[in-house]
2 protein chains.
Amino acid sequence: MARKSASGRIGIADVAVKAGVSHATVSRVMNGNFTVDPDIAARVRAAAAELKYQPNPVGRSLALGKTDTIGIVVPDLANPTFQAILRGLSRAAAQDGYRVLIADSFEVSSEESILAGEARRRCDGLVLCAPRMSDAELEEIAPSLHPLVLINRTTSAPNVPGLVVDYGQGVQDIAGHLVELGHTRLAFLAGPPRSASNEMRLKGLETFRAAHPEVEVTMLEGGSDFDTGHEAVDAVLQSGATGILAFNDLVAMGLMSGLHERGLDIPGDISVTGFDDIPFARYTTPALTTAAVPITELGEQAWHQLRALIRKEENETPGSRYQPRLEVRASTGPAKAPRSTVHG
Amino acid sequence: MARKSASGRIGIADVAVKAGVSHATVSRVMNGNFTVDPDIAARVRAAAAELKYQPNPVGRSLALGKTDTIGIVVPDLANPTFQAILRGLSRAAAQDGYRVLIADSFEVSSEESILAGEARRRCDGLVLCAPRMSDAELEEIAPSLHPLVLINRTTSAPNVPGLVVDYGQGVQDIAGHLVELGHTRLAFLAGPPRSASNEMRLKGLETFRAAHPEVEVTMLEGGSDFDTGHEAVDAVLQSGATGILAFNDLVAMGLMSGLHERGLDIPGDISVTGFDDIPFARYTTPALTTAAVPITELGEQAWHQLRALIRKEENETPGSRYQPRLEVRASTGPAKAPRSTVHG
DNA sequence: GACACGTGAGAAAACGCTTTCTCATTCTTT
DNA sequence: AAAGAATGAGAAAGCGTTTTCTCACGTGTC
């Protein structure tokens with residue numbers, strides 16, 4: 001009879017009893033070890049099937065020293081970028097039989113390293129998206145998190161590949177596109193101050209400024225979401241710029257929404273660009289000119305790098321750099337005759 | 001000296017040696033058991049801190065019979081609805097110290113029950129979003145998945161709460177709104193054929209039809225994403241309807257995009273409605289009239305229900321029903337003089 | 001027909017932790 | 001001052017697997 005073990009769940013012991021063999025033999029059969037007599041193996045399999053036995057993964061994990069699970073730490077699960085990374089990661093990992101444990105830090109970066117540590121201990125490896133964590137802290141915790149893959153960051157700790165999007169090049173491409181359209185007054189609606197990707201954008205803009213001294217580039221404070229863009233309308237108009245580089249698509253959409261409310265025409269009066277090319281970018285009105293980042297692929301690659309690390313293929317952990325692709329849509333157009341600043 | 005255990009990681013044994021006590025005592029201290037002499041406890045804590053000891057969660061899980069992790073099965077991580085559920089679930093669970101393991105079934109419903117079983121075995125409970133799974137299959141696997149919470153479904157298996165959005169009422173509200181605006185010819189752009197939530201919508205429309213025999217309601221085949229909506233333009237126009245109920249916001253956005261391309265004015269020529277009120281719905285042009293579903297809250301409630309089950313508070317597992325709230329925006333307007341069908 | 005050898009399965013250890021059981025010590029109590 | 005109660009820590013038994021170790025049995029060889 002299906003004798004339940006104490007826990008109430010069917011365990012390897014129950015199968016062993018039913019098949020009249022030892023635990024060890026059941027384990028061997030379940031793991032495809034061929035040093036078992038075919039007759040006995042069949043008996044074991046029959047018993048397992050009849051009892052609907054399913055090995056307990058926790059026991060397995062303890063014995064094998066691996067969990068077949070990886071973790072991902074994201075600062076905000078509501079952000080389409082991290083959703084896309086998660087999606088790519090999850091899909092790729094699933095193909096190799098791995099699952100994904102998520103840890104949302106909700107932007108509280110003080111908790112990030114603790115969270116990362118906890119997640120890591122439950123998993124075989126970790127993907128870390130922590131754009132606001134200081135370099136020092138990152139470098140300090142990185143070794144204890146190995147195998148570890150970084151998104152949009154790098155660190156000097158050894159064997160920690162970083163998958164980074166070349167945001168610097170991306171903003172230069174966008175700025176160049178606006179200049180080609182005749183814009184000479186641009187404004188950058190910046191992202192969160194400490195964000196690593198924001199700093200890359202700023203560096204890119206510096207390079208751009210150096211190459212185009214004739215173009216005026218105003219820096220405006222911002223953030224990373226809809227509301228940020230929406231609230232920035234006044235600042236944008238006051239800047240007198242005719243070409244606006246928003247930190248990302250979300251901000252751009254918020255900004256466009258605000259500009260529409262003011263009765264302005266895009267791109268007639270003002271051109272707006274985003275960054276990321278989230279799925280909705282092509283469906284805004286007007287469709288948003290942006291820099292497309294192969295973000296789902298990034299998640300996929302994160303898994304491949306992590307897998308190499310888990311398998312101890314330590315030969316190469318190069319990290320990689322992704323080039324955004326300029327996606328020209330309807331939100332950018334020729335500059336009108338230069339507008340003057342709203343006041344002064 | 002920090003004697004490494006065989007595995008290379010610092011274990012309870014290392015701390016025990018360093019503090020000159022037994023494993024048991026270290027465990028007691030780490031778990032806040034107060035039957036330990038304060039001096040010894042301090043010594044243990046010091047040793048643990050110096051060694052940076054962190055208990056291995058797998059060992060802990062095995063001993064305690066719980067993982068402090070819950071699983072969620074979703075059919076498609078790219079769908080904003082499931083992203084929102086995941087977000088609400090993750091946040092609520094995190095507040096109680098639980099983590100979330102995700103299992104994306106990628107719409108292959110044949111794998112869903114296996115996936116669910118695997119996820120469940122690694123976790124203390126499961127949230128299942130499986131809109132296309134047959135009732136029979138669901139009922140069969142439900143007991144083995146307990147503690148289990150269902151999203152947008154119910155089952156007759158005992159103690160399986162289902163959190164369901166009243167899509168039927170929602171479409172009736174939307175249809176009613178369109179009729180008030182003077183529309184007499186409506187079309188429903190349906191969702192995936194076997195989807196549970198689609199069926200709820202269809203039922204709601206039946207009720208509506210019965211109450212409004214004067215209104216013509218055309219049923220059109222569809223799906224659940226952008227492209228579905230975009231591709232449905234011809235069918236929609238051929239139907240001659242002036243008020244379109246799209247399966248959800250995504251479909252509505254795709255449809256609006258397609259209608260714009262045809263040069264039609266929304267809502268001047270045709271009114272379009274969505275469902276769900278995803279974050280982007282208010283930023284489309286025109287802003288989308290839709291039925292708002294408190295979907296993040298649904299994820300949150302899923303955790304609360306699951307938590308009650310995990311804690312064996314089996315007193316009540318009621319499930320709950322959520323009423324969508326009609327959100328009238330700019331994509332719906334008064335019906336023009338009845339249009340005739342494009343052909344015939 | 002004995003001896004080495006290979007094969008296959010059980011016993012037991014290991015994984016890292018929690019917790020019960022047990023016992024030595026100290027504190028009460030009369 | 002002696003007996004009983006209370007306290008605190010170590011030994012050991014789990015939790016459910018995998019895997020090494022060990023040994024019995026059957027086969028092949030000379």
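Chain naming here is simple, since letters A, B, ... match the order of the sequence lines and numbering starts at 1 in each.
Under the rule for a salt bridge (Lys or Arg N to Asp or Glu O under 4.0 Å), the partners of Glu50(A) that lie at least two apart in sequence or sit in another chain are Lys18(A). Contacts of Arg153(A) classified as side chain to side chain contact (heavy atoms under 4.5 Å, CB included), with partners at least two apart in sequence or in another chain: Met133(A), Asp135(A), Leu138(A), Leu150(A), Ala196(A). The salt bridge (Lys or Arg N to Asp or Glu O under 4.0 Å) test applied to Arg87(A) returns no partner, not counting sequence neighbours. A search for ring pair (Phe, Tyr, Trp, His ring centres under 6.0 Å) contacts involving Tyr98(B) returns Trp303(B), not counting sequence neighbours. Every residue two or more places apart in sequence or in another chain was checked for a salt bridge (Lys or Arg N to Asp or Glu O under 4.0 Å) with Arg120(B), and none qualifies. Among residues two or more places apart in sequence or in another chain, the side chain to side chain contact (heavy atoms under 4.5 Å, CB included) test is passed with Ala41(A) by Val29(A), Val36(A), Arg45(A).
Atom-to-atom, NE2 of His23(B) to P of dA11(D) comes out at 8 Å; the value is rounded to the nearest Å. Counting to the nearest Å, the P atom of dC15(C) and the CG atom of Asp14(B) are 11 Å from each other. Put simply, CG on Leu62(A) is 12 Å from C1' on dG14(D), counting in whole angstrom units. At whole-Å resolution of the value, NZ in Lys66(A) and C1' in dT17(D) are 13 Å apart. Rounded to whole Å, atom C1' of dG16(C) lies 18 Å from atom CZ of Arg60(A). If you take CG of Asn56(A) and C1' of dC15(C), they are 13 Å apart, rounded to a whole angstrom. Here the P atom of nucleotide dG10(C) and the CD1 atom of Ile12(A) are 12 Å apart, to the nearest Å.
Remark: Thr25(A) is in phosphate contact with dG10(C), judged by side-chain N or O atoms under 4.0 Å from OP1 or OP2. Between Ser22(A) and dA9(C), a side-chain N or O to OP1/OP2 separation shorter than 4.0 Å is absent. The shortest distance between the side-chain N/O atoms of Tyr53(A) and the OP1/OP2 oxygens of dG16(D) is not below 4.0 Å.
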Is there any protein nitrogen or oxygen under 3.5 Å from a nitrogen or oxygen in nucleotides 20-28 of chain C, and what are the pairs?
residue, atom, partner, partner atom, Å
dT20(C), O4, Arg28(B), NH1, 3.4

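Within the structure, salt bridge (Lys or Arg N to Asp or Glu O under 4.0 Å) contacts touching residues 93-113 of chain A (residues at least two apart or in different chains) are Asp96(A)-Arg307(A), Arg99(A)-Glu118(B), Glu107(A)-Arg132(A). Judged as a ring pair (Phe, Tyr, Trp, His ring centres under 6.0 Å), not a single pair has a partner in residues 69-97 of chain A (not counting sequence neighbours).
More than 12 heavy atoms of other residues, nucleotides or ligands shown are found within 6.0 angstrom of CD on Glu137(B).
The stretch residues 29-36 of chain B touches DNA chain D through Thr35(B), Val36(B), each having a heavy atom under 4.0 angstrom from the strand.
Listed candidates were dG10(D), dA9(C), dT18(C). Nearest to the side chain of Ile40(A) is dA9(C).
Checked by atom type, the side-chain pair Asn56(A)/Arg122(B) shows no donor-acceptor distance below 3.5 Å.
Note on the helix from dG1(C)-dC30(D) to dT30(C)-dA1(D): terminal axis deviation equals 50°, with five pairs used at each end and the result rounded to 10°.
Between Gly20(B) and Ala63(B), it is Gly20(B) whose nearest contact on DNA chain D lies nearer the 5' terminus.
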Please list every donor-acceptor pair under 3.5 Å in which a side-chain atom of residues 68-81 of chain B meets a protein atom from a residue at least two apart or in another chain.
residue, atom, partner, partner atom, Å
Asp68(B), OD1, Lys66(B), NZ, 3.0
Thr69(B), OG1, Thr67(B), O, 3.1
Asp76(B), OD1, Ala78(B), N, 2.8
Asn79(B), OD1, Thr81(B), N, 2.8
Asn79(B), OD1, Thr81(B), OG1, 3.4
Thr81(B), OG1, Asp276(B), OD2, 3.2

